[in-house]
Amino acid sequence: MLLCSLPGYIKDGAVRGQPELTLAELDSRFREFLSEYHARPHSETKAPPQDRWQHGGFVPRMADSLEQLDLLLLTVAKTRKIQADGVRFQGMRYIDPTLAAYVGETVLLRYDPRDIAEVRLFHQDKFLCRAICPELAGQTVPLRDIQQARDQQRRRLRETLRDRRKTVESLLDLRQGPSADTPEPPPAAPQNAEQVSFQALKRYRNE
């Protein structure tokens with residue numbers, strides 16, 4: 001219902017419009033669609049899905065806390081060992097005062113790929129703390145942006161190393177001099193003694 005109305009939708013091999021939406025824009029469109037869909041009457045039940053859910057008498061089983069809900073919903077999980085300066089993840093450092101008592105322990109790190117400025121840490125299946133990255137504090141940084149920036153930095157470093165390698169090879173060729181196949185230049189014309197003594201004489205400003 002949503003995708004068929006978006007630019008770039010493909011049907012029977014034909015593309016409708018140009019695919020111009022970013023992932024963030026698609027996420028925003030999807031959230032708007034959900035809000036409208038749950039509020040308008042359904043074609044079969046003649047009632048909005050949200051009203052039908054609320055009056056259905058079904059009581060969902062909720063998690064005991066928001067941290068337990070994070071454990072269920074944040075499916076992206078990595079194991080990390082707590083270091084003296086915090087937890088390292090994706091080349092960044094995450095800190096929290098709670099971690100000082102768990103140095104050397106292995107924790108389960110869960111995060112939202114849309115925002116890795118903060119991660120949740122679990123120790124022995126129990127919520128430990130929310131650790132933040134000081135460099136990203138106060139920002140919303142998707143993991144995709146971090147990976148793209150890192151790839152661009154790698155490409156720049158490879159290009160720099162390639163240029164420097166060429167420069168070093170050129171300097172080595174100059175220091176080694178001409179090869180054996182290269183004819184030697186003709187010897188310079190001999191100089192008389194006066195010219196030699198004159199060139200070897202050094203004069204100083206105070207003389």
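Only a predicted model underlies this, so the values are computations on that prediction, with no experimental measurement involved. In what follows, every heavy atom counts, from backbone to side chain, and hydrogens, waters and symmetry copies are set aside.
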A.B. asks: Calculate, to the nearest 0.5 Å, the distance between atoms CG and CZ belonging to Leu23 and Phe30 respectively.
C.D. replies: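 Those atoms lie 12.5 Å apart.
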A.B. asks: For the CZ atom of Phe122 and the CG atom of Leu109, what is their distance to the nearest 0.5 Å?
C.D. replies: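 Answer for the CZ-CG pair, Phe122 versus Leu109, is 9.5 Å.
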A.B. asks: Hydrophobic clusters join Ile, Leu, Val, Met, Phe, Trp and Tyr when side-chain heavy atoms are under 4.5 Å apart, directly or via other members; which others share one with Ile95?
C.D. replies: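 Ile95 clusters with nothing; isolated.
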A.B. asks: With sequence neighbours excluded, what pairs up with Arg88 under the side chain to side chain contact (heavy atoms under 4.5 Å, CB included) test?
C.D. replies: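 For Arg88 the side chain to side chain contact (heavy atoms under 4.5 Å, CB included) partners, ignoring immediate neighbours, are Asp85, Arg93.
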A.B. asks: Shortest non-hydrogen contact from Ala77 to Leu108?
C.D. replies: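 For Ala77 and Leu108, the tightest heavy-atom pair comes out as CB-CD1, 3.9 Å.
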A.B. asks: Does the side chain of Val119 come within less than 4.5 Å of Val87's, by heavy atoms?
C.D. replies: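 Sidechains of Val119 and Val87: no contact.
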A.B. asks: Quick one: CG on Leu157 to CZ on Arg155, what's the gap to the nearest 0.5 Å?
C.D. replies: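 Answer for the CG-CZ pair, Leu157 versus Arg155, is 11.5 Å.
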A.B. asks: How about Cys129 and Leu99: do any of their side-chain heavy atoms sit closer than 4.5 Å?
C.D. replies: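 SC-SC contact between Cys129 and Leu99 confirmed.
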A.B. asks: Is there a side-chain contact between His123 and Glu105 in this structure, where contact means two heavy atoms from C-beta onward sitting under 4.5 Å apart?
C.D. replies: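 Yes, at least one pair of side-chain atoms sits under 4.5 Å.
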A.B. asks: In terms of ring plane angle, is the pair Phe89 and Tyr94 parallel, tilted or perpendicular, where the classes change at 30° and 60°?
C.D. replies: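 The arrangement is tilted - the two ring planes meet at 30° to 60°.
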A.B. asks: Of all the heavy-atom pairs spanning Ala84 and Val103, show the shortest one and how long it is.
C.D. replies: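 Scanning both residues completely, I find the closest heavy atoms to be N-CG1, 4.1 Å.
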A.B. asks: Same hydrophobic cluster for Tyr102 and Ile132, using side-chain heavy-atom links shorter than 4.5 Å among ILVMFWY?
C.D. replies: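 Shared cluster, no.
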A.B. asks: At their closest point, which heavy atom of Pro49 faces which heavy atom of Tyr37, and how far apart are they?
C.D. replies: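 Taking Pro49 first and Tyr37 second, the nearest heavy atoms are CD-O, 3.5 Å.
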A.B. asks: Side chain of Arg16, backbone of Cys4: donor and acceptor closer than 3.5 Å?
C.D. replies: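 Confirmed, Arg16 side chain pairs with Cys4 backbone.
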A.B. asks: Each residue besides Ile10 in its hydrophobic cluster should be listed here, by chain and number; the cluster joins Ile, Leu, Val, Met, Phe, Trp and Tyr at side-chain heavy-atom distances under 4.5 Å.
C.D. replies: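 Same cluster as Ile10: Val15.
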A.B. asks: Once rounded to the nearest 0.5 Å, what's the spacing between atom CG of Leu26 and atom CG of Leu2?
C.D. replies: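 One finds 7.0 Å between CG of Leu26 and CG of Leu2.
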A.B. asks: What heavy-atom pair brings Pro7 and Arg29 nearest, and what distance separates the two atoms?
C.D. replies: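 Looks like CD-NH1, 4.4 Å.
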A.B. asks: Could you list the residues that satisfy side chain to side chain contact (heavy atoms under 4.5 Å, CB included) with Thr45, not counting sequence neighbours?
C.D. replies: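 With neighbours one apart ignored, the set is His42, Ala47, Arg52.
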A.B. asks: Kindly write out the residues that satisfy side chain to side chain donor-acceptor pair (under 3.5 Å) with His38, not counting sequence neighbours, or none if the list is empty.
C.D. replies: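 Here no residue qualifies.
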A.B. asks: So, using side chain to side chain donor-acceptor pair (under 3.5 Å) as the criterion, who are the partners of Arg31 when residues are at least two apart?
C.D. replies: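 Residues passing side chain to side chain donor-acceptor pair (under 3.5 Å) with Arg31: Asp27.
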A.B. asks: Please confirm whether the backbone N or O of Thr98 pairs with a side-chain atom of Asp96, one donor and one acceptor, at under 3.5 Å?
C.D. replies: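 Present.
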